[in-house]
Amino acid sequence: MSRIVLEGISKIFGSKQAEGVDLIKQGKRKAEIAAACGAVVGLCNISFDIVEGEILTLMGLSGSGKSTLLRCMNRLVEPSCGRIAVGDVDVTKLGRKDLLAFRQKTFGMVFQHFALLPNRTILSNVGFGLELKNVPVARRTEAAMQAIELVGLKGWEAKYPHELSGGMQQRAGLARALAADAEVLLMDEAFSALDPLIRRDMQSELRDLQRKLKKTIVFVSHDLDEAVALGGRIVLMKDGEVVQIGQPEEIVARPATEYVARFVEHIDRAAVMRVGQVADRSAAVLAPTLTVAEARIRIAGEGGDAWLVADDESRFVGCLRADRLAAARPEETVASLLGAGSDAVVADARLDAVLARVAAEGCVAVVDPDGRLLGAVGSRDVVRALAAHSAESHATGHDADYPETSILQTTAGAERWTGPSRNFPSTRSATKASTGSPTMALG
Ligand SMILES: Nc1ncnc2c1ncn2[C@@H]1O[C@H](COP(=O)(O)OP(=O)(O)O)[C@@H](O)[C@H]1O
Ligand SMILES: [Mg+2]
C-alpha cells in the first residue's frame, strides 16, 4: 500500500499543449487560456497527496476535471506536465510496457456503466482481469468467488449480467475490481446510475468494505451527499483546479471561498458536523462530591437542562438533570442524584448520531478519546449548529461557533496541500463577481 503524490499536474486537451502549459505556468486560468489560445484546460496545476487507506472523493460540477484527474492517476489520460508517484514508483516516468503492468497490478477501476461482458457469467466477468493476467483457472475462480462474496453476490455467480438488477451489476463491477486485489480503486461516478435507496446501501457497504480491506479509494462524484456518506476527505474542484480539500465538516465550517460556501450551503449539517465542533466547552462542570446546596451556588445564574459532572481529573461521571437538582434536598450530594450512567460520546461522533439523546436527556457529554470531558451538546448547541450559516463565519473571518476543529482526527496529508495556489480572493466581496453558480446543473 502506498501514498499517491500528485505534483503540479496540468492537462491541456488538443494541439496547443505547449502554449497551454506555458500559460498555466504564468498563472493563467482555464477561461483566460481558452480566450488566449483556444486550448482546453482539463486540469490546472494540481498538487496534493492521497494517504494510503483513505477514501477520497473528487467533487465538483460537470466539467470541473474530476474524471480527467482520476484518469491521470493511472495515466489513462496522459498529463501535460507534472509528476505522479505511487509509493516509490514515479508513474510519470514509466515506459509503455511497465506502465501497463503497473496499472494492472496497482489500480482497479469501476465506472458508472458497469461494462460487464454480456456473454460471460458473473463469475467469469469478475475473474476477467485475472484471466488477462494469465492467472490459472483454479486461483482465478477462488479469487473471483471471494470477491463475489464480499460484495454480497454469492449465489449469482452463474448468472449472466442481464439477469441482474442495476445495483447487482454494479456490485459485480466492484467485485471485478476487488478480485484483482489492486491497492487502489478508482471509481468514477460508480453509483450515479443507481436508484437512490440502492445507491445509499452501496455507499455504506463501500465504506465498510474499505475499512475492512484498507484499500485506497478515489471516488468521483458530483453529489455532495454521496461524498459525505462515503465518510472521507473531499477534494472540491472547479475549472480544473482544486478549490478546497478537507473533511466535510472542515469545509462546512471554513469554506475557502464564496464558491465553496455556496456549494455546501444545502448540505445536511447534522450528518457532517462532529459533536466536538458543536459542544459547549464553557458549560459549568460539577464535582460529584458537592452537596446540592453547593452545586446550586456553583451554577447560579446559568441556564441549561442538565449539568455535567466530572471528577477532579476531568473524567466524566454523569449528567445531572436540572429538574432533579431543583427537586433535591440541600444536603444530598451530586453523586447521589445521578441516574443510571449515561454514556459520553467521543468528539468525532457525528451530530446526527446524538440528536435523539439530546432530545431525551437534555444534554450529552462529549469526551476526548481518553475519556476526558470536553464539554456538552445541549439542545441550544444543536439548534445553533444547524442554523449557523457557514458563509457568515467565513465573511467575518472568525469561526466563533466552531472553535475546536483542531481536536478532530483529520487525515494527515491534507497539510501538503497549501490552499488555493494563487489568485484566490479570500474575502466574499472579492469573489462575488468571479464565482459561477454552484446550483447549476450537476453531473
Ligand atoms: N478527451 C477530451 N478532449 C477534449 N476535452 C476534454 C476531453 N475530456 C475532457 N475534456 C474537457 O476537460 C474538462 C474536464 O472534463 P472532465 O474531467 O470530464 O470533467 P468531470 O468529470 O468533472 O465532469 C471539460 O472542460 C471537458 O470538456
Ligand atoms: Mg466525469
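Start at 1 and go down the list; that is how both ligands and their atoms are numbered.
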**Student:** If you measure from each non-hydrogen atom of Leu61 to ligand 1, which part falls under 4.0 Å: side chain, backbone, both or neither?
**Tutor:**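 For Leu61, the contact with ligand 1 is made by the backbone alone.
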
**Student:** Glu205 and salt bridge (Lys or Arg N to Asp or Glu O under 4.0 Å): which single residue from Arg211, Arg171, Arg199, Arg200 fits?
**Tutor:**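 It is Arg171; the other options fail the test.
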
**Student:** Which is it for Arg71 and ligand 1 at heavy atoms under 4.0 Å: side chain, backbone, both or neither?
**Tutor:**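 Neither; nothing of Arg71 gets under 4.0 Å from ligand 1.
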
**Student:** May I ask you to check if ligand 1 and Gly65 share an N or O to N or O distance below 3.5 Å?
**Tutor:**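 By distance alone, the answer is yes.
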
**Student:** Tell me, do Glu226 and Thr57 make a side-chain contact under 4.5 Å, heavy atoms counted?
**Tutor:**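 No. Closest side-chain heavy atoms not under 4.5 Å.
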
**Student:** With sequence neighbours left out, what residues match Arg120 under salt bridge (Lys or Arg N to Asp or Glu O under 4.0 Å)?
**Tutor:**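 Residues passing salt bridge (Lys or Arg N to Asp or Glu O under 4.0 Å) with Arg120: Glu131.
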
**Student:** Ring-plane angle category for Phe191 and Phe219, please: parallel below 30°, perpendicular beyond 60°, tilted otherwise.
**Tutor:**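 Tilted, since the angle between the ring planes falls between 30° and 60°.
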
**Student:** Could you check which of Gly60, Gly240, Gly63 puts a non-hydrogen atom nearest to atom 23 (O) of ligand 1?
**Tutor:**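 Going through Gly60, Gly240, Gly63 one by one, Gly63 has the nearest heavy atom to atom 23 (O) of ligand 1.
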
**Student:** Holding to side chain to side chain contact (heavy atoms under 4.5 Å, CB included), I want the full list of residues that pass it with Ile198, two or more places apart in sequence or in another chain.
**Tutor:**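 Result, side chain to side chain contact (heavy atoms under 4.5 Å, CB included) vs Ile198: Leu194, Asp195, Met202.
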
**Student:** Does any N, O or S atom in Thr68 come within less than 2.8 Å of the Mg ion (ligand 2)?
**Tutor:**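 No, outside the cut-off.
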
